[in-house]
Enquirer: 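Can you keep this structure in mind? I'll have questions shortly.
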There are 2 protein chains.
Amino acid sequence: MPAIEREITRFQDFLSRQGQKLTQERTSLVREIFSTHYHFEADELLFKMKQKSVKISRATVYRTLELLVKSGLVRRVHLGEEHYHYEHVRGDSHHDHLVCTACGSVIEFNDPELEQRQLDICARKKFTPTFHNLQILGVCDSCHRKGEQPASPDRVMTIGEGAMKLRK
Amino acid sequence: MPAIEREITRFQDFLSRQGQKLTQERTSLVREIFSTHYHFEADELLFKMKQKSVKISRATVYRTLELLVKSGLVRRVHLGEEHYHYEHVRGDSHHDHLVCTACGSVIEFNDPELEQRQLDICARKKFTPTFHNLQILGVCDSCHRKGEQPASPDRVMTIGEGAMKLRK
DNA sequence: ATGATGTTGAGACTGAGTCTCAGGTGCGGA
DNA sequence: TCCGCACCTGAGACTCAGTCTCAACATCAT
Ligand SMILES: [Mn+2]
Ligand SMILES: [Mn+2]
Ligand SMILES: [Zn+2]
Ligand SMILES: [Zn+2]
């Protein structure tokens, strides 16, 4: 009955449709991913599992994320850094992101008018869109008040704490 | 008098303002970058220089691209692949991209209404934008007519020929 | 319960991008 | 014009995200 169990069932349905199996590792990853709403990196997820003493290899984390993206349970997004971030999907709540280059915070927004305008542009160019990725980088309200300056477009910023790398 | 010389002068101005120097290597890179309009990868640029027997190291290509981005002469964009693409900037012709996941072609568009809508969203969220990155992935007209299917969001596509890697 | 088939973990591997440092170069000042 | 010093370059080591390999293991339809 908890919502997470339902996501696990959806994942199992997806997997069995492809002749694939729901394993302990995959289950605990889904549980972790759906337990909070945030934008995480693959290695960050690996680290969290380690912290919780759930033994899962890097390879399995990456393989499972790929499956979750294919199944539609997880979305892979660019947030202005060099690597991907992931976030779980509930329902079909599409949104895009404002990313603060000063503090790394991420603001989500969903603007139907903006989405429609994109469709109009595609129609005009006879282009059939399948998905899109929009990040607006800048400075959030609280950082702006602190006098933080905007970063230049080549800045590599840090979203959250980062993955606290501890490979090996 | 050729336009390229003007870009080189602008680059030199930028450099000397920082106490940095215009070198042979930097000059020939600017010349190459502004000689055609396309979306290129760093290693692709390196390869082109090799083809033209202009000896430049990988490190210098990356370092110069960073300087060019800082100076505003070059823009770094995400086009749905795992690594960056670059394009030269003439004037302030901001645009975003439609990327065909079937053939890799890139369509540029500039839609003031879309841009304005983004500013409105930022204002509503009290967010001070500095720049943004929008890619719409899908299938272009000619690929659509050939019956090409849209790729899934985790697809890694190939834009252009790729860099024809030949590191070493 | 069983076994065919899919999955896992350790670690090697890849590819883009960064860093180091010894030797080379641009250019402002004399 | 020449000099010197700060800046720049190339070769290759290094980093880091992500992928692959393969022997041992787990899942689940039957
Ligand atoms: Mn989000
Ligand atoms: Mn472009
Ligand atoms: Zn902020
Ligand atoms: Zn196409």
Side-chain angles (χ1 to χ4, degrees), chain A residues 8-9 11-30 40-47 49-50 54-69 76-79 81-86 154-156 158-159 162-168, chain B residues 8-9 11-30 40-47 49-50 54-69 76-79 81-86 154-156 158-159 162-168:
Chain A
I8 291 173
T9 303
F11 193 32
Q12 179 157 38
D13 289 349
F14 168 82
L15 289 171
S16 60
R17 233 175 290 132
Q18 336 260 315
Q20 291 178 287
K21 295 165 184 173
L22 181 66
T23 62
Q24 288 304 311
E25 290 79 5
R26 290 174 182 174
T27 302
S28 56
L29 285 170
V30 172
F40 60 92
E41 308 172 12
D43 277 350
E44 197 178 349
L45 177 58
L46 175 64
F47 181 68
M49 301 312 283
K50 268 199 181 109
V54 181
K55 287 222 171 317
I56 298 192
S57 71
R58 245 170 66 85
T60 295
V61 166
Y62 277 96
R63 285 186 289 229
T64 303
L65 283 172
E66 195 185 335
L67 287 170
L68 285 166
V69 170
R76 191 164 72 158
V77 292
H78 268 302
L79 293 177
E81 289 192 67
E82 316 247 323
H83 52 272
Y84 286 107
H85 282 75
Y86 298 83
D154 71 304
R155 171 147 164 19
V156 174
T158 301
I159 295 171
M164 265 159 276
K165 336 289 180 193
L166 47 77
R167 179 182 298 228
K168 169 62 158 301
Chain B
I8 291 173
T9 301
F11 192 33
Q12 179 158 38
D13 289 350
F14 168 83
L15 289 171
S16 60
R17 233 175 291 133
Q18 337 260 315
Q20 291 178 285
K21 295 165 184 174
L22 182 65
T23 62
Q24 289 305 311
E25 291 79 5
R26 290 173 182 177
T27 303
S28 54
L29 284 171
V30 173
F40 60 92
E41 308 172 12
D43 277 350
E44 196 178 348
L45 176 58
L46 176 63
F47 181 68
M49 301 313 282
K50 268 198 182 109
V54 180
K55 287 221 170 316
I56 298 192
S57 70
R58 244 170 67 86
T60 295
V61 167
Y62 277 95
R63 286 186 289 231
T64 303
L65 283 172
E66 195 183 335
L67 287 170
L68 285 167
V69 170
R76 191 164 71 159
V77 292
H78 267 303
L79 293 177
E81 291 192 67
E82 314 249 322
H83 51 272
Y84 287 107
H85 282 75
Y86 298 84
D154 71 306
R155 172 146 162 21
V156 175
T158 302
I159 295 169
M164 265 159 275
K165 336 291 179 190
L166 47 78
R167 177 181 301 228
K168 168 59 160 301

Enquirer: Taking the side chain as C-beta and beyond, is there a heavy-atom pair between Asp43(A) and Tyr62(A) under 4.5 Å?
Expert: yes
Enquirer: Using the C1' atoms of five pairs at each end, what's the angle between the two axes of the helix from dA1(C)-dT30(D) to dA30(C)-dT1(D), to 10 degrees?
Expert: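 Computed from the C1' atoms at both ends, the axes differ by 40°.
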Enquirer: Could you run through nucleotides 22-30 of chain D and give me one letter per nucleotide, 5' to 3': B if any protein heavy atom sits under 4.0 Å from the base, S if only the sugar-phosphate is that close, - if neither?
Expert: -----BS--
Enquirer: Over how many whole Å does the gap from Glu81(B) atom CD to dG17(C) atom C1' extend?
Expert: 16 Å
Enquirer: Taking only residues two or more places apart in sequence or in another chain, which ones pass side-chain hydrogen bond (donor to acceptor under 3.5 Å, both in side chains) with Thr60(A)?
Expert: Ser57(A), Arg63(A)
Enquirer: When the distance from NZ of Lys55(A) to C1' of dA10(C) is rounded to whole Å, what number comes out?
Expert: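 Whole-Å distance recorded here is 13 Å.
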Enquirer: Between dA17(D), dG17(C), dT9(D), which one does the side chain of Thr60(B) approach most closely?
Expert: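 That would be dT9(D).
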Enquirer: Answer yes or no: is there a side-chain heavy-atom contact under 4.5 Å between Arg17(A) and Asp13(A)?
Expert: yes
Enquirer: Between Phe40(B) and His85(B), is the ring centroid distance below 6.0 Å?
Expert: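 No.
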Enquirer: Starting at the 5' end of DNA chain D, which residue's closest nucleotide do you reach first, Arg26(B) or Tyr84(A)?
Expert: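 Whichever sits nearer the 5' end wins; that is Arg26(B).
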Enquirer: For Glu25(A), run the side chain to side chain contact (heavy atoms under 4.5 Å, CB included) check against Val54(A), Val30(A), Ile56(A) and tell me which one passes.
Expert: Ile56(A)
Enquirer: Check whether any side-chain heavy atom of Leu15(A) sits under 4.5 Å from a side-chain heavy atom of Lys21(A), and report yes or no.
Expert: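 Contact flag for Leu15(A)/Lys21(A) side chains = no.
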Enquirer: Does a side-chain heavy-atom distance below 4.5 Å link Phe11(B) with Leu22(B)?
Expert: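 The answer is yes; the side chains approach within 4.5 Å.
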